[in-house]
Amino acid sequence: MSRDESAARPRAGAVRGRARPAGPARPAPGARPRPAARRPAAPVPRAGRAPSGRGPRQLLEKVRRAWDRPLTAYYVILGGSLLIIVLGLVMVYSASQIKALQSGLAPSHFFRKQLLAAVLGGVLMFFAARTPVRVHRTLAYPLLAASVFLMCLVQVPGMGVAVNGNQNWIAFGPFQLQPSEFGKLALVLWGADLLARKQDKRLLAQWKHLLVPLVPATFILLGLIMLGGDMGTAMILTAILFGLLWLAGAPTRLFAGVLGCAALIGFLLIKTSSNRMSRLACTLATEPGPGDQCWQAVHGIYALANGGWFGSGLGASMEKWGELPEPHTDFIFAITGEELGLAGTLSVLALFTALGYAGIRVAGRTEDPFVRYAAGGVTCWIMAQAVVNIGAVLGLLPIAGVPLPLFSYGGSALLPTMFAIGLLIAFARSEPGARAALAMRQPVFGKKRAGLRWKTMRRRVMKRPSGER
């Protein structure tokens with residue numbers, strides 16, 4: 001063999017030692033071949049689903065989904081109103097102690113009366129929340145007649161009582177009642193029932209059916225209230241009237257005409273009263289002025305300024321020691337700002353905002369015209385009164401003498417307002433989705449569900465019949 005042939009032929013050892021490519025092992029003779037292992041397929045993202053993350057868009061999406069749940073408005077109205085009432089009780093106790101001691105009363109005198117009113121209001125709220133809508137419509141006319149009768153009794157000598165220059169009270173022994181507060185509730189229920197009946201007959205397209213008898217009846221209530229000199233309550237009733245007309249779809253020209261007439265009447269009432277003119281002059285005031293006519297408005301601003309970010313602490317207010325008039329009623333928001341600071345006042349504003357938005361949602365989602373008008377009227381009532389009170393404390397609006405709803409001291413204002421909150425709760429429960437969700441979450445006591453056994457909170461398993469394995 002030549003040298004070239006031996007170089008071209010590969011060595012046997014090199015061929016034996018060369019690594020063979022990896023491959024499946026050969027099965028032993030007589031053994032069953034194993035199936036090849038399958039690799040797990042890579043997860044394929046579903047179409048239309050955004051990648052998971054914690055950005056602001058995902059957070060907003062979660063909030064939107066939570067808000068769209070059927071029971072959200074129900075829980076917001078119930079929880080928000082209860083929080084406002086509880087915080088109001090705390091602030092009434094803190095703000096009224098000095099006032100009670102100056103009057104020779106026990107420090108907890110006003111708090112105990114407010115607590116009793118809150119308990120009675122809770123009963124009314126529970127009754128309103130559990131009462132069917134048709135019963136509320138039936139109560140509208142008797143409540144309106146009773147409110148008008150009581151407001152007429154206020155003007156009878158020997159029966160009406162004047163408080164702070166306004167004769168809008170009736171005394172029943174140690175208790176005093178302000179019928180005009182119940183007039184707000186009566187106007188909401190009666191106006192909602194009236195507009196709902198006319199909508200069923202398709203009469204709201206005619207302006208005479210839209211205005212009559214809603215506007216004349218409201219003017220009768222306003223006249224009885226203005227006989228006592230309470231323009232603040234008259235402003236709230238006017239806001240309720242405008243809310244009902246807006247919900248009923250009043251034309252812009254008609255709406256503007258009614259608004260212009262109300263503004264003209266209000267201007268004349270303010271112009272002819274020196275007390276109202278002085279209150280109007282105290283808007284945006286920073287000094288008490290001549291004769292200390294802006295004393296209350298300015299000291300309300302002082303109280304808010306003293307509070308700072310987190311306040312001076314509960315019970316540590318200085319303005320309630322005789323400097324700020326009415327610290328537990330009309331200006332309780334100022335004492336809240338002084339003792340709880342900006343954080344406390346913003347919390348109160350957030351609760352009222354959530355309550356108002358939930359009321360608007362209830363009014364916007366229902367198909368029942370009465371529920372829409374009544375829910376919208378209650379929301380306009382509470383939010384307008386809150387804006388007027390807080391605006392006066394901030395110095396942005398004239399002092400109107402209206403309490404902060406569910407928060408200020410006063411049983412006559414608390415009782416009808418809590419009944420109105422019960423109306424909103426009943427309307428929120430009446431939504432089809434909310435009714436179905438409550439039926440699933442609330443078991444029927446005393447009744448066994450045949451064939452069902454609860455294994456977990458979310459899953460129901462059918463019972464096996466006896467003898468089956």
Side-chain angles (χ1 to χ4, degrees), residues 59-88 118 121-137 184-185 188-189 191-193 195-196 199 239-240 243-244 246-249 346-387 404-407 414 416-442:
L59 180 60
L60 291 176
E61 183 66 20
K62 290 182 179 180
V63 171
R64 187 187 64 82
R65 290 180 180 177
W67 182 251
D68 287 339
R69 293 176 181 176
L71 291 176
T72 300
Y74 169 75
Y75 287 126
V76 169
I77 295 171
L78 179 61
S81 59
L82 291 180
L83 286 175
I84 295 174
I85 294 171
V86 171
L87 184 57
V123 176
L124 291 178
M125 185 173 68
F126 180 80
F127 170 77
R130 292 291 181 174
T131 303
V133 175
R134 55 180 176 82
V135 178
H136 289 302
R137 300 187 68 168
K184 302 173 186 176
L185 178 62
V188 168
L189 288 178
D193 180 71
L195 293 175
Q199 180 173 339
I240 295 174
L244 292 175
W246 182 75
L247 289 170
L346 289 181
S347 299
V348 175
L349 290 177
L351 290 174
F352 275 106
T353 303
L355 185 62
Y357 195 76
I360 293 174
R361 165 179 162 152
V362 172
R365 289 197 171 191
T366 184
E367 296 180 357
D368 189 344
F370 172 79
V371 173
R372 180 168 62 253
Y373 296 136
V378 170
T379 305
C380 289
W381 162 17
I382 295 177
M383 297 308 297
Q385 189 164 329
V387 169
L404 188 59
L406 304 174
F407 201 84
L414 184 62
T417 308
M418 291 188 69
F419 189 91
I421 294 296
L423 287 177
L424 289 180
I425 294 174
F427 299 156
R429 289 167 53 91
S430 64
E431 294 183 6
R435 193 185 302 114
L438 288 173
M440 292 296 297
R441 294 189 180 187
Q442 296 178 357

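Both backbone and side-chain heavy atoms feed into the values below; hydrogens, waters and symmetry mates do not. Fair warning: this is a prediction, and the values are worked out from it, not measured in the lab.
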Contacts table for residues 121-129: side-chain donor-acceptor under 3.5 angstrom, sequence neighbours left out:
none

ask   = What side chain to side chain donor-acceptor pair (under 3.5 Å) pairs are there with at least one residue in residues 75-85, not counting sequence neighbours?
value =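 Sorted pair list: Tyr75-Arg441.
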Are side-chain heavy atoms of [X] and [Y] found at a separation under 4.5 Å?
{"X": "Thr366", "Y": "Phe427", "value": "no"}
{"X": "Ile421", "Y": "Ile85", "value": "no"}
{"X": "Arg69", "Y": "Arg65", "value": "no"}

Rounded to the nearest 0.5 Å, what's the gap from [atom1] on [X] to [atom2] on [Y]? Could you check?
{"X": "Glu367", "Y": "Ser430", "atom1": "CD", "atom2": "OG", "result": "11.0 Å"}
{"X": "Leu349", "Y": "Phe352", "atom1": "CG", "atom2": "CZ", "result": "8.5 Å"}
{"X": "Leu346", "Y": "Leu351", "atom1": "CG", "atom2": "CG", "result": "11.0 Å"}
{"X": "Leu195", "Y": "Phe370", "atom1": "CG", "atom2": "CZ", "result": "10.5 Å"}
{"X": "Leu423", "Y": "Thr417", "atom1": "CG", "atom2": "OG1", "result": "11.0 Å"}

query = With Tyr357, which residues qualify under ring-ring contact (aromatic ring centres under 6.0 Å, His included), at least two apart?
reply =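 Expected list: Trp67.
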Test salt bridge (charged side-chain N to carboxylate O under 4.0 Å, His left out) applied to Arg134 - qualifying residues, sequence neighbours left out =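 Not a single residue meets the salt bridge (charged side-chain N to carboxylate O under 4.0 Å, His left out) criterion with Arg134.
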query = Given the rule in the side chain to side chain contact (heavy atoms under 4.5 Å, CB included) test, do Leu185 and Phe419 qualify, once you have shown the distances and angles that lead to the verdict?
reply = CA-CA 8 Å; Leu185 178 62; Phe419 189 91; 3.5 Å; yes
ask   = What heavy-atom pair brings Ala428 and Ile77 nearest, and what distance separates the two atoms?
value =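 So the minimum-distance heavy-atom pair works out to CB-CD1, 4.4 Å.
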Contact summary for Ala73 and Arg361, nearest pair of heavy atoms =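 Reported closest heavy-atom pair: CB-NE, 3.8 Å.
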Would you mind writing out the side-chain donor-acceptor pairs for residues 371-386 within the sub-3.5 Å range, not counting sequence neighbours?
residue: Arg372; atom: NH2; partner: Gln199; partner atom: OE1; Å: 3.3
residue: Tyr373; atom: OH; partner: Gln199; partner atom: OE1; Å: 2.5
residue: Thr379; atom: OG1; partner: Ala375; partner atom: O; Å: 2.8
residue: Trp381; atom: NE1; partner: Gln385; partner atom: OE1; Å: 3.3
residue: Gln385; atom: OE1; partner: Lys184; partner atom: NZ; Å: 2.9
residue: Gln385; atom: NE2; partner: Pro403; partner atom: O; Å: 3.0

task = Test Leu355 against Val76 for side chain to side chain contact (heavy atoms under 4.5 Å, CB included), laying out the working first.
result = CA-CA 7 Å; Leu355 185 62; Val76 169; 5.9 Å; no
request  = Output all residues satisfying side-chain hydrogen bond (donor to acceptor under 3.5 Å, both in side chains) with Arg137, sequence neighbours left out; order by chain, then residue number.
outcome  =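 Partners of Arg137 by the side-chain hydrogen bond (donor to acceptor under 3.5 Å, both in side chains) criterion, ordered by chain and then number, come out as Asp193.
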